[in-house]
Q: 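Below is the structure I would like to discuss, written out as structure tokens.
Just follow the structure's listing: the first ligand is 1, and inside any ligand the first atom is 1. The figures here come from the full heavy-atom set of this structure, side chains too, leaving out hydrogens, waters and symmetry mates.
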Amino acid sequence: MDVVAALVYLAILLSAALGVYLQRRQARAALAHRDAPPVEFAASVTLEQHRRSADYTIARMRLSICETLLEAGLAIAWLALLLGPLYALLSRVIAPGLTLSVAVVVAAAFVDHVLHLPLSLAETFGLETRFGFNRATPTTMLLDELKGAALWLLFAVPLLYGLLLALRLSPDYWWIVGFAGALVFLVAMTIVYPSVIAPLFNRFTPLADEELKARMEALLERCGFQSGGLFVMDASTRSTHGNAYFSGLGKAKRIVFFDTLLRKHTPDEIVAILAHELGHFKFGHVRQRLGLAAGVLFIGFLALHLSFSRGLASAFGLPDDPGVVLVVVMTAGAPILHLLSPLTNYLSRRAEFEADDYARAICGREPMVSALTKLSRDNLATLTPDRLYALFYYSHPPAPLRIAALGDEPR
Ligand SMILES: [Zn+2]
């Protein structure tokens, strides 16, 4: 076997082993503390609720382990077994050239997505239904799948053609053009996503509660926030998980509350959550996230360039078609992205602490504490995560740490 190929297989296996190890740790931590909620939550979370969140965490980890194993198995299968025959099959009907390369990537993405479907179904209609979160019907899911696939084709096909054309015209510098194009696409998507893409999947209505709206608008003004508005999203059509987020850039900025969150929280808590979202705006977190994504993209394009010039596909006994190389790089790059997740998640958690801090300065400690407690309790987030697992995978710090960071005394 080629040394490079052997290293890639090894990286895939080690990355999966690390994932399973961490997921098992997380399940064990939930089980070990199943009968003992942290003392500081004694008043706000019942033993029954705490046990339920432990059971949910354990069930979720079991599913995650299946997913990790499936992903590693599929990655190896693509490189060793599937990609060659897929290329051979397509090249019987499509002459070698740009279209064949694009078709390889599209077909591989399609097959890969279909092979992942059983686990997505198990998550939505097994796990989420069992714990009372799921509201999606098979029809909702089918429609989401179709819309997602249509959107993917609409964006991916022209981008792939452009990229592969650049490669053909300028074999040495195409990747810089590709990186610049991807960056423009990323920024454009950040701007149009809230108002164009997201409404294809959910309904967004301006916040109707006048009293709450007045309080929120006062807060927006106080923080100097100009936006496309405050919106309520009908998240309850799919799930009862509650959330809020801030998205977009410039005037396209939107603050979105899940209807599920508005139902369960007091006005004080909702205003505190808004203040937290404004914290993200104040500290420029969307821009930071874009900057980080740009860094990862740059490394990705550089890796792609080196893979093309060094003939990575032949290491796996595969044809040197650019479409094949693209699939190989994406498959072989997954373990590297996995290893980067502690860094990206660390930055994300730091941003959450900053936003919490900002919310406390605006609204005080109490509403923030009760909002975080409720969010964590209602989403069945474990209060006793494994430290190593959290370090690796948590994009938001666990509620006990966030509450501890808000301090004991109201400031
Ligand atoms: Zn946040």
Q: For R25, which residues count as a side chain to side chain donor-acceptor pair (under 3.5 Å) partner, sequence neighbours excluded?
A: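 Counting only residues at least two positions away or on another chain, R25 forms a side chain to side chain donor-acceptor pair (under 3.5 Å) with Y21, D386.
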
Q: Output yes when a side-chain donor or acceptor of R52 lies under 3.5 Å from a complementary backbone atom of F131, and no otherwise.
A: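 Side chain of R52 to backbone of F131: a pair is present.
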
Q: So, the side chain of S15 versus the backbone of P335: is there a donor-acceptor pair under 3.5 Å, distance only?
A: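 No, the answer is negative, given that no donor and acceptor are paired below the 3.5 Å cut-off.
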
Q: Could you tell me whether any N, O or S atom belonging to H280 is less than 2.8 Å from the Zn ion (ligand 1)?
A: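 Coordinating: yes.
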
Q: Without placing hydrogens or testing angles, list every side-chain donor-acceptor pair under 3.5 Å for residues 148-171, not counting sequence neighbours.
A:
| unit_1 | atom_1 | unit_2 | atom_2 | d |
| --- | --- | --- | --- | --- |
| Y161 | OH | T99 | OG1 | 2.9 |
| S170 | OG | Y173 | N | 3.3 |

Q: Which atom name would you report as the N, O or S atom of H276 nearest the Zn ion (ligand 1)?
A: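 The H276 atom nearest to the Zn ion (ligand 1), restricting to N, O or S, is NE2.
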
Q: Taking both backbone and side chain into account, is any N, O or S atom of H396 nearer than 2.8 Å to the Zn ion (ligand 1)?
A: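 So H396 does not count as coordinating the Zn ion (ligand 1).
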
Q: Of all N, O or S atoms in E352, which has the smallest distance to the Zn ion (ligand 1)?
A: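 Nearest N/O/S atom: OE1.
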
